[in-house]
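Before any comments, here is the structure.
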Number of protein chains: 2
Amino acid sequence: MFQAGDPMGYFYKVTKGIALIFRSLQDGRRQIVGVHSIGDLCGYLEKDATYNFSGVALTDVEACSFHRRRFDDLVARNPDLGSALANDMSDKLKRAAEHMAVLGQLKSTERVAYFLLQLAEVYNRKMAQSEPLQLHLTREQIADHLGLRLETVSRSFTVLKNNRLIGLVGSDAVAILDRRRLAEFARLGTV
Amino acid sequence: MFQAGDPMGYFYKVTKGIALIFRSLQDGRRQIVGVHSIGDLCGYLEKDATYNFSGVALTDVEACSFHRRRFDDLVARNPDLGSALANDMSDKLKRAAEHMAVLGQLKSTERVAYFLLQLAEVYNRKMAQSEPLQLHLTREQIADHLGLRLETVSRSFTVLKNNRLIGLVGSDAVAILDRRRLAEFARLGTV
DNA sequence: CGGTTAATTGATCCTGTTCAAACTAAGTGG
DNA sequence: CCACTTAGTTTGAACAGGATCAATTAACCG
């Protein structure tokens with residue numbers, strides 16, 4: 001889709017499928033900073049002349065692309081659009097701050113539990129409710145999202161499975177068996 | 001200032017000093033998601049009826065407070081204001097995504113190096129250039145920002161000191177001796 | 001089928017945590 | 001002025017959670 005360093009021309013609004021936004025370091029380490037599905041904007045945040053992050057389509061993705069400059073003009077003439085944009089960003093910011101707490105404070109299995117609930121919520125909100133939950137991400141991509149290694153993610157899955165919190169259907173689908181206890185596991189309740 | 005769960009009335013624009021924004025878990029773990037200084041908005045992101053995060057003043061802080069509802073009206077009538085807001089959020093979002101990479105991928109000393117450069121940049125941009133750099137944060141607060149323990153932060157400081165990258169002036173001020181090598185240490189170059 | 005890619009599982013190692021003690025700096029009151 | 005407190009920092013030793021390396025198994029596809 002687009003890559004960090006590319007000159008910025010367009011940004012996208014996803015209308016179908018899933019896209020990952022990530023940041024890479026020189027040595028190959030990678031942080032997936034966002035999982036974007038229907039309705040999400042990507043590539044907008046960058047106000048510099050180049051993209052700061054890279055985006056890649058995970059499933060088949062359909063998206064509307066907007067020319068950035070012309071869109072800005074449009075926003076200037078249409079306040080509603082601007083506030084929709086602000087809402088989108090505000091929501092992303094909230095999610096981002098929460099994800100920081102996940103990366104900074106939770107331990108491996110808690111992170112994976114959180115990830116599953118998060119993903120389930122995104123899907124339920126935006127797409128046909130699917131049970132079991134289709135991941136669409138490899139263990140390595142999940143790991144890069146959660147700041148872990150793929151082996152650790154795999155082990156966490158089996159821990160959750162052994163505790164009868166989830167069930168694995170093949171290796172790309174998960175059935176959430178006990179949402180309540182899973183949420184306790186992902187102990188992200190505010191105080 | 002304000003606390004997660006409080007009903008949302010006002011938000012703030014810092015005009016002097018430093019404020020920390022954080023998220024707490026039940027068991028006392030804490031993630032500091034933002035260090036806000038002059039010009040930054042805080043408490044705005046929440047579009048729900050209550051704050052999602054807590055804010056606390058670190059130094060003496062002066063801030064303009066805005067009534068959220070009335071401000072929204074003002075924005076609706078003044079497009080420039082809206083786009084300034086969008087810029088602020090876009091910038092925060094970029095920083096947030098970068099911090100996720102820090103939390104997810106860097107190891108302890110790299111994180112501390114990154115933190116110092118980040119702080120130096122914020123100060124240089126917003127306040128009188130001060131050399132040495134005044135931290136204003138305790139080791140524990142830094143730890144909560146970087147997803148580490150205070151002991152680890154302390155050890156990282158001594159590592160950086162022993163490598164002659166920084167010097168400690170008292171325990172709340174740092175002199176950056178070799179910015180270049182420090183930046184290499186904080187290996188957050190995009191690819 | 002066989003061949004390829006991803007996932008699981010095991011064993012070992014290392015980074016950061018935890019617990020504990022010593023040290024520093026800034027008050028406070030006799 | 002100095003003993004005593006208190007909060008924060010540094011340092012040490014033991015421990016544990018993930019990382020790493022390596023081998024095995026499972027799923028997928030021509």
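Every chain is numbered from 1, with letters handed out A, B, ... down the list of sequences. Just so you know, these numbers come straight off a predicted model, no measurement behind them.
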Problem set entry | Pairs touching residues 157-178 of chain B that satisfy side chain to side chain donor-acceptor pair (under 3.5 Å), sequence neighbours left out | B:Q134-B:D172, B:D178-B:R181
Exercise. Say you draw a straight line from CG of B:L150 to CD1 of B:I142; how long is it, rounded to the nearest 0.5 Å?
Worked result: 9.5 Å
Applying salt bridge (charged side-chain N to carboxylate O under 4.0 Å, His left out), can you list everything that pairs with [X], at least two apart in sequence or on another chain?
| X | answer |
| --- | --- |
| B:E140 | none |
| A:R149 | none |
| B:R30 | B:D144 |
| B:R70 | none |

Pairing residues for [X] by the side-chain contact (heavy atoms from CB on, under 4.5 Å) criterion, not counting sequence neighbours:
| X | answer |
| --- | --- |
| B:A175 | B:E131, B:P132, B:L177 |
| B:E110 | A:R29, B:L106, B:K107, B:R187 |
| B:S154 | none |
| A:E98 | A:Y114, A:L188, B:R23 |

For this session: Give the rounded distance in Å between these two atoms: CD1 of B:I166 and P of D:dT9.
Result: 14 Å
For this session: Could you tell me the separation between the CG atom of B:L168 and the C1' atom of D:dT11, rounded to a whole number of Å?
Result: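 So the two atoms are 14 Å apart, to the nearest Å.
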Problem set entry | Helix axis bend for the helix from C:dC1-D:dG30 to C:dG30-D:dC1 - C1'-based end axes, five pairs, 10° rounding |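 The end-segment axes of the helix from C:dC1-D:dG30 to C:dG30-D:dC1 are tilted 30° relative to each other.
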For this session: Would you mind building the protein contact string for nucleotides 14-30 of chain D? One character per nucleotide, 5' to 3', B for base within reach (heavy atoms under 4.0 Å), S for sugar-phosphate only, - for untouched.
Result: ----SSBB---------
For this session: Could you list where the contact with chain B starts and ends along DNA chain C, reading 5' to 3', using a 4.0 Å heavy-atom cut-off?
Result: C:dG16 to C:dC19
